[in-house]
Amino acid sequence: MEQLGELELLMEKSFGEEAALPAELFQKKVVSSFPKTVLTGGMDNRYLVLAVDIVQNEEGNHEKHLIITAHQSLEYKDRCILRNDWCSVPVEPGDIIHLEGDCTAGTWIIDKHFGYLILYPDMLISGTSIASSIRCMRRAVLSETFRGSDPATRQMLIGTVLHEVFQKAISNSFAPEKLQELAFQTIQEIKHLKEMYRLNLNQDEIKQEVEEYLPSFSKWAGDFMHKNTLTDFPQMQLSLPSNDGKNNSTCNIEVVNSVDIEESIWSPRFGLKGKIDVTVGVKIHRGCKTKYKIMPLELKTGKESNSIEHRSQVVLYTLLSQERRADPEAGWLLYLKTGQMYPVPANHLDKRELLKLRNQMAFFLFHRISKSASGQKTQLASLPQIIEEEKTCKYCSQMGNCALYSRAVEQHTDDSSVPIIMLPKIKEETQHLKLSHLEYFRLWCLMLTLESQSKDNRKNHQNIWLMPASKMEESGNCIGNLIRTKHVKTVGDGQYLHNFLRKNGTIPVTNLMAGDRIILSGEERPLFALSRGYVKEINMTTVTCLLDRNLSILPESTLLRLDQEEKNCDIDTPLGNLSKLMENTDVSKKLRDLIIDFREPQFISYLSSVLPHDAKDTVACILKGLNKPQRQAMKKVLLSKDYTLIVGMPGTGKTTTICTLLPAPEQVEKGGVSNITEAKLLVFLTSIFIKAGSNPSDIGIIAPYRQQLKIINDLLAHSSIGMVEVNTVDKYQGRDKSIILVSFVRSNKDGTLGELLKDWRRLNVAITRAKHKLILLGCVPSLNCYPPLEKLFYHLNSEKLISFLFCNMKVFVTYWEIFQEDKALFSLPFHTRAVSPLASACGLYFVCYKSSAWLDCEDNFYLKGTK
DNA sequence: GCTCTGCCAAGAGGA
């Protein structure tokens with residue numbers, strides 16, 4: 001919030017003052033709003049706007065004059081003059097922009113004929129999003145906010161299937177039998193079958209509808225591919241800027257090959273991203289001349305509209321293509337229903353207007369929060385104006401959110417003007433909501449938006465294009481200098497196993513571990529985000545990854561980098577849920593009642609009335625394994641009509657084991673805290689369990705610190721021990737293993753424990769993941785500084801469960817057996833995991849966990865998943 | 001103070 005305050009302070013200043021603002025203040029703003037941006041000139045320029053002035057030129061027209069700098073020191077200033085419609089770009093002092101065009105004598109001129117300005121170029125907006133903003137900017141912004149409001153439909157499924165069939169055919173064959181086979185095979189894919197089930201459609205009707213398209217596929221291929229004479233190819237009117245002067249726009253079009261399928265491109269130059277259905281090699285025969293171009297081909301399965309939205313999408317893809325190769329100057333729009341293909345030239349005017357829309361959208365997405373006019377209240381900003389087109393609104397899937405936002409947010413705080421004809425519609429859409437509901441929506445929408453904007457939650461992959469791999473490697477979240485080795489193995493649909501080798505020597509110190517999500521890019525500029533996936537295996541020299549695309553089309557010499565996918569703040573799901581909670585349905589109404597208006601949950605009186613007769617034995621069997629308080633709570637859950645809050649903590653059982661050794665001081669280094677002695681002991685104990693006949697997959701190793709996990713992993717790799725899972729406490733949440741070994745790591749003289757271990761919830765998770773045996777390893781004097789652990793030791797000590805391994809550096813080792821004794825450790829009321837499967841089997845709405853007070857913590861309520 | 005949580009994604013078509 002401090003940063004936001006700073007920003008607003010700047011925004012409130014007038015232009016004159018802006019220019020005079022001290023450089024440090026600007027630098028502060030840039031650091032807080034654009035933490036990763038490095039100002040730079042040249043092709044990938046990033047300018048900081050220092051001042052904005054509106055002036056009248058000699059012809060009496062308005063121009064926007066910007067004072068800009070591409071230097072971190074802010075010392076060297078350039079100018080940018082925005083003419084014609086560019087004057088309307090909502091650019092403000094402190095903004096980051098990218099400029100395309102020419103800079104002469106320190107001045108950029110962007111006008112209707114030449115040049116582009118890209119606002120917040122590192123914010124990548126998808127082609128479809130921008131295309132949809134043509135009709136209604138508000139809807140485009142709402143769709144980016146409330147994702148998942150678009151219900152899936154039969155047509156969408158058909159569309160997805162047909163895209164896939166065409167894409168397979170173009171690199172295979174369009175022969176009718178082959179098409180049949182590809183269609184059949186595609187329909188059988190699990191993801192499509194699931195979707196059919198969801199939409200309540202049967203396979204046969206989908207198959208039939210898909211098959212209706214296939215003759216058009218063949219017709220298209222017959223027209224555009226594999227002919228003997230050039231003149232057999234369809235004639236089209238297509239003039240490209242590069243053959244200017246020549247009036248001959250007539251040409252024959254030959255589609256030679258498919259260069260790529262679903263090519264995913266990020267363009268930090270134009271601030272765009274997108275996926276190109278098919279990237280095709282095309283020969284354009286004009287007179288006796290032939291030009292070969294690699295161009296985007298966009299497939300459409302719906303009505304042959306050749307609409308401005310469809311064409312715009314293609315124009316945007318020509319911009320994306322420039323990130324990888326020469327400007328295609330045009331693209332193709334193919335309607336699969338008829339096989340009709342339209343050329344879409346990308347002229348300056350279209351590109352200019354689309355980029356202006358992109359800028360507008362970027363502005364709205366960037367400015368989600370505002371300050372109230374009266375003072376210091378942080379509130380949600382207004383969205384783009386509601387349009388006055390009842391026809392467009394009639395079928396809009398964002399109608400509900402649009403009206404809700406207008407009523408709950410805009411009409412509450414702002415003097416925003418709603419078109420009069422839209423007022424009744426807004427009222428109608430929101431009349432089922434009480435004031436308390438609107439308030440709830442406003443509050444949570446604000447909270448979630450703020451959360452997503454907080455510094456460490458901001459989702460951006462900017463490092464990939466703003467920072468070279470060699471520099472990123474220092475953080476441990478990136479590995480560069482990799483080349484692809486061996487063959488790419490296709491594991492499944494959209495899953496390709498790749499092997500990478502560090503080109504020179506060994507892989508540097510890294511945080512990357514098996515299971516981490518990564519983004520694969522080329523080291524060279526144009527190859528950002530070629531593919532996404534997971535690390536499968538990593539050692540000193542090689543990395544194995546499961547990727548979503550097959551990269552064997554790249555030359556083997558291509559230098560690649562892996563970037564750990566930054567955590568993404570998923571506010572999409574809660575925002576989607578919030579939107580759903582406000583829907584005019586019975587289910588949502590009931591939930592509003594319980595959640596917003598706090599209606600007390602209801603319970604029925606007798607279990608026999610709810611339990612199906614044949615479920616009795618099963619339930620009895622499950623209950624038998626629980627202790628008394630667990631059984632009582634379980635009963636309450638079963639009687640629940642609405643929801644049940646379960647207050648609980650896990651644990652029971654005991655036994656002892658003894659070892660001798662872990663002095664075991666911790667090491668603090670760049671990668672984090674670790675404890676080699678504990679690690680060795682732990683690996684030793686693991687080997688004992690395996691020798692004793694335990695299955696490695698039944699053993700889990702937990703440590704709170706990543707560095708410790710790394711050391712344990714290294715030790716395991718050098719031993720003969722197989723696939724033992726090693727992970728952080730948090731990754732084990734909600735799961736368990738037969739045998740769990742925990743390494744507490746911390747051991748020092750001054751009693752520093754760090755905040756991490758002090759989180760009692762984490763401690764709780766760590767000691768409750770074991771089904772049969774739990775071994776805790778740690779330094780008693782160090783850990784004793786913390787009351788909850790002290791309590792634990794007190795108990796363990798009284799039960800003689802602690803083995804002191806060395807006289808002055810005491811280490812405890814213990815395990816106990818869970819579920820074998822009725823007696824609960826610490827008199828814990830519950831074992832939550834025992835409850836949840838049963839609860840969900842009973843179809844409860846909520847399963848709620850209240851954190852227990854056993855460690856003198858404050859009362860926290862956790863609302864867990866809805867069903 | 002060194003950890004994690006919600007996570008695949010841009011588009012599938014409608015009018």
Side-chain angles (χ1 to χ4, degrees), chain A residues 124-132 135 143-144 147 150-164 192 195 262-266 272-277 298-303 305 307 309-310 313 316-317 320 335-337 389 391-397 448 451-452 456-457 459 475-476 494-495 511 517-519 529 531-534 547-549 565-577 668-674 702-709 727-734 745 752-759 761-762 765-766 862 864-865:
Chain A
L124 308 185
I125 304 181
S126 75
T128 44
S129 237
I130 295 164
S132 81
R135 220 171 251 276
S143 297
E144 289 273 320
R147 287 165 182 283
D150 263 15
T153 63
R154 170 203 180 91
Q155 287 86 347
M156 286 184 189
L157 173 61
I158 301 273
T160 310
V161 170
L162 285 167
H163 270 70
E164 225 176 275
H192 297 140
E195 198 62 20
E262 292 282 325
E263 189 181 20
S264 161
I265 305 181
W266 288 358
L272 298 173
K273 62 183 169 187
K275 283 186 177 175
I276 298 174
D277 280 340
E298 172 64 19
L299 309 176
K300 293 289 172 199
T301 51
K303 264 199 192 140
S305 64
S307 66
E309 278 95 336
H310 289 175
Q313 215 181 319
L316 290 166
Y317 291 161
L320 284 180
Y335 289 94
L336 293 175
K337 208 171 227 166
E389 276 182 59
K391 249 193 249 165
T392 308
C393 300
K394 194 177 166 192
Y395 297 101
C396 179
S397 53
L448 291 165
E451 189 186 347
S452 72
D456 48 298
N457 270 331
K459 173 188 180 178
S475 73
Q495 291 191 303
N511 293 334
R517 284 192 61 76
I518 43 96
I519 298 176
S531 176
R532 291 164 176 248
Y534 298 87
L547 301 177
D548 61 358
R549 307 194 75 233
E565 180 142 34
E566 292 179 59
K567 66 177 163 196
N568 92 43
C569 159
D570 179 29
I571 64 156
D572 291 351
T573 309
L575 272 178
N577 288 340
V668 183
E669 38 186 290
K670 213 176 148 201
V673 190
S674 61
I702 301 182
Y705 302 95
R706 279 211 163 216
Q707 188 62 20
Q708 181 72 350
L709 300 182
N727 239 320
T728 54
V729 181
D730 308 72
K731 284 262 165 79
Y732 269 99
Q733 199 155 347
V745 179
T752 333
L753 201 54
E755 289 303 315
L756 186 69
L757 272 182
K758 286 192 189 163
D759 189 337
R761 288 167 295 195
R762 215 169 248 117
V765 171
Y862 291 99
K864 269 275 187 194

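Side chains are part of it too, since the values below use all heavy atoms of this structure and drop only hydrogens, waters and symmetry mates. Chain A is the first sequence line, chain B the second, and so forth, proteins listed ahead of strands; every chain is numbered from 1.
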Within the modelled atom types, does a donor on one side and an acceptor on the other bring the side chain of E298(A) and the base of dG11(B) under 3.5 Å apart? no
Could you check whether K391(A) gets within reach of a base, just the sugar-phosphate, or nothing at all, counting any heavy atom under 4.0 Å? nothing
Establish, with yes or no, whether the OP1 or OP2 oxygen of dC4(B) is under 4.0 angstrom from a side-chain nitrogen or oxygen of R706(A). yes
Looking for any heavy atom pair under 4.0 Å, which part of the strands does G533(A) touch: base, sugar-phosphate only, or nothing? nothing
Report the distance from atom CG of D572(A) to atom C1' of dA10(B), rounded to the nearest whole Å. 13 Å
Just wondering, do Q313(A) and K300(A) contact through their side chains at under 4.5 Å, heavy atoms? yes
In a check of side-chain contact (heavy atoms from CB on, under 4.5 Å) between L316(A) and each of I125(A), L272(A), I276(A), which one passes? L272(A)
Any side-chain N or O of S305(A) less than 4.0 Å from the OP1 or OP2 oxygen of dA15(B)? no
Starting the side chain at C-beta, find the nucleotide from dG13(B), dG6(B), dA10(B) nearest to Q155(A). dG13(B)
Ignoring backbone atoms, establish whether T160(A) has a side-chain N or O less than 4.0 Å from OP1 or OP2 of dA12(B). no
On the nucleotide dG11(B), are OP1 or OP2 found under 4.0 Å from the side-chain N or O atoms that Y317(A) carries? yes
Taking the same atom, P, in dG11(B) and in dC7(B), what whole-Å distance lies between them? 22 Å
Measure CZ/R147(A) against C1'/dG11(B) and give the value in whole Å, please. 11 Å
dA12(B), dA9(B), dG11(B): which one has an atom nearest the side-chain heavy atoms of E565(A)? dA9(B)
Verify the contact: side-chain N or O of K303(A) to OP1 or OP2 of dG14(B), cut-off strictly under 4.0 Å; return yes or no. no
Give a yes/no answer on whether the side chain of Y395(A) brings an N or O atom under 4.0 Å of OP1 or OP2 in dG14(B). no
Could you check whether Q313(A) gets within reach of a base, just the sugar-phosphate, or nothing at all, counting any heavy atom under 4.0 Å? sugar-phosphate
Just how far, in rounded Å, is P of dA15(B) from CZ of R135(A)? 12 Å
Over all atoms of both residues, closest heavy-atom pair of S531(A) and D548(A): OG-OD1, 2.5 Å
Taking the side chain as every heavy atom from C-beta outward, state whether I702(A) and L709(A) have any atom pair closer than 4.5 Å. no
Please report, rounded to the nearest Å, how far the C1' atom of dA12(B) is from the CG atom of L336(A). 12 Å
Does a side-chain N or O from T728(A) land closer than 4.0 Å to OP1 or OP2 of dT3(B), or not? no
Do R517(A) and R532(A) have side chains that approach each other closer than 4.5 Å (heavy atoms only, starting at C-beta)? yes
